[in-house]
Amino acid sequence: MKKTDMFEKRIFALLYILTVPIYTLSFGLLKDPIEFTLSQIGYLMRYRVAFIVWGVVSGFLLIAYLMHIYKRAMYFSRAAKLILGLAYLFLLLTVVVPAARYTDRVLYYIHLVCAGLFVGCLIISMIMFVRYLCKNTVIAKNIPIVVMTACIVIPFSVLLVYGKLTGVAEMVFFACVTAAMIIADVKLMKLKKADVE
């Protein structure tokens with residue numbers, strides 16, 4: 001493959017993964033993300049269709065980009081891919097199941113469980129990948145710190161600051177996951193380049 005073709009593919013991949021935090025930010029800013037979660041903006045503020053579209057598109061882009069990174073690192077774990085698939089399923093259920101606490105508490109708690117399972121599955125799959133990298137590559141030494149900090153520490157710190165789950169914390173989570181994936185991808189590209197040279 002020509003260098004120009006590879007460069008164009010990298011730029012395209014970078015642009016489409018950056019769509020996730022940008023799209024999340026634009027949706028979150030439809031209302032006050034400090035006061036409301038993304039789910040509340042979608043269901044309580046009558047942006048349900050926009051919320052579902054955001055979940056479908058953002059989830060697909062996240063999973064597709066992670067699969068792209070797994071392939072680049074020659075990581076073919078069926079378990080990690082299955083967990084990623086479950087993460088996408090739980091995200092779809094999260095955006096489809098209403099989050100109106102005061103109208104249907106059962107659906108509300110199903111919504112919360114699905115949201116938690118989405119986050120959990122996504123992080124577990126990424127941690128499995130990081131463990132694989134640490135065993136097989138030298139350049140991945142600091143990736144665990146990046147992933148854990150970006151996906152867990154920073155969003156959890158935002159939760160502590162506000163004292164409750166808010167749209168801001170959710171937007172920070174998606175932005176941090178995106179940043180962690182881009183950093184991992186760049187490091188893998190450097191490793192591949194070093195191997196070729």
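These values consider heavy atoms only, across backbone and side chains, with no hydrogens, waters or symmetry-generated copies.
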Quick check: closest heavy atoms across [X] and [Y], and the distance to 0.1 Å?
{"X": "Thr94", "Y": "Phe51", "value": "O-CE2, 4.1 Å"}
{"X": "Asp185", "Y": "Tyr65", "value": "OD2-OH, 2.8 Å"}
{"X": "Tyr88", "Y": "Gly55", "value": "CE1-O, 4.3 Å"}
{"X": "Met128", "Y": "Ala80", "value": "CE-N, 3.8 Å"}
{"X": "Met171", "Y": "Gly28", "value": "SD-CA, 4.0 Å"}

Treating [X] as the side-chain partner and [Y] as the backbone partner, does any N or O pair qualify as donor plus acceptor under 3.5 Å?
{"X": "Ser125", "Y": "Cys121", "result": "no"}
{"X": "Tyr47", "Y": "Gln40", "result": "no"}
{"X": "Thr166", "Y": "Ile34", "result": "no"}

Would you give the length of the straight line joining atom [atom1] of [X] to atom [atom2] of [Y], rounded to the nearest 0.5 angstrom?
{"X": "Ile22", "Y": "Leu18", "atom1": "CD1", "atom2": "CG", "result": "5.5 Å"}
{"X": "Leu91", "Y": "Leu117", "atom1": "CG", "atom2": "CG", "result": "12.0 Å"}
{"X": "Ser77", "Y": "Ile83", "atom1": "OG", "atom2": "CD1", "result": "7.5 Å"}
{"X": "Leu66", "Y": "Leu61", "atom1": "CG", "atom2": "CG", "result": "11.5 Å"}

Do the non-hydrogen side-chain atoms of [X] and [Y] ever get within less than 4.5 Å of each other?
{"X": "Leu38", "Y": "Thr24", "value": "yes"}
{"X": "Ile17", "Y": "Leu62", "value": "yes"}
{"X": "Leu93", "Y": "Val113", "value": "no"}

How are the rings of Tyr132 and Tyr75 set to each other: parallel, tilted or perpendicular (split at 30° and 60°)? tilted

With under 30° as parallel and over 60° as perpendicular, where do the rings of Phe174 and Trp54 fit, or are they tilted in between?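 Correct class here is perpendicular.
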
Going only through I, L, V, M, F, W and Y residues with side-chain contacts under 4.5 Å, is there a path from [X] to [Y]?
{"X": "Phe129", "Y": "Ile63", "value": "yes"}
{"X": "Val106", "Y": "Val95", "value": "no"}
{"X": "Ile41", "Y": "Leu107", "value": "no"}
{"X": "Met181", "Y": "Tyr70", "value": "yes"}
{"X": "Ile52", "Y": "Ile110", "value": "no"}

Does the gap between the ring centers of Phe118 and Phe90 come in under 6.0 Å?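 Here the rings of Phe90 and Phe118 have centres that are no less than 6.0 Å from each other.
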
Got more than 12 heavy atoms from elsewhere within 6.0 Å of OH, Tyr23?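 Above 12, so yes.
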
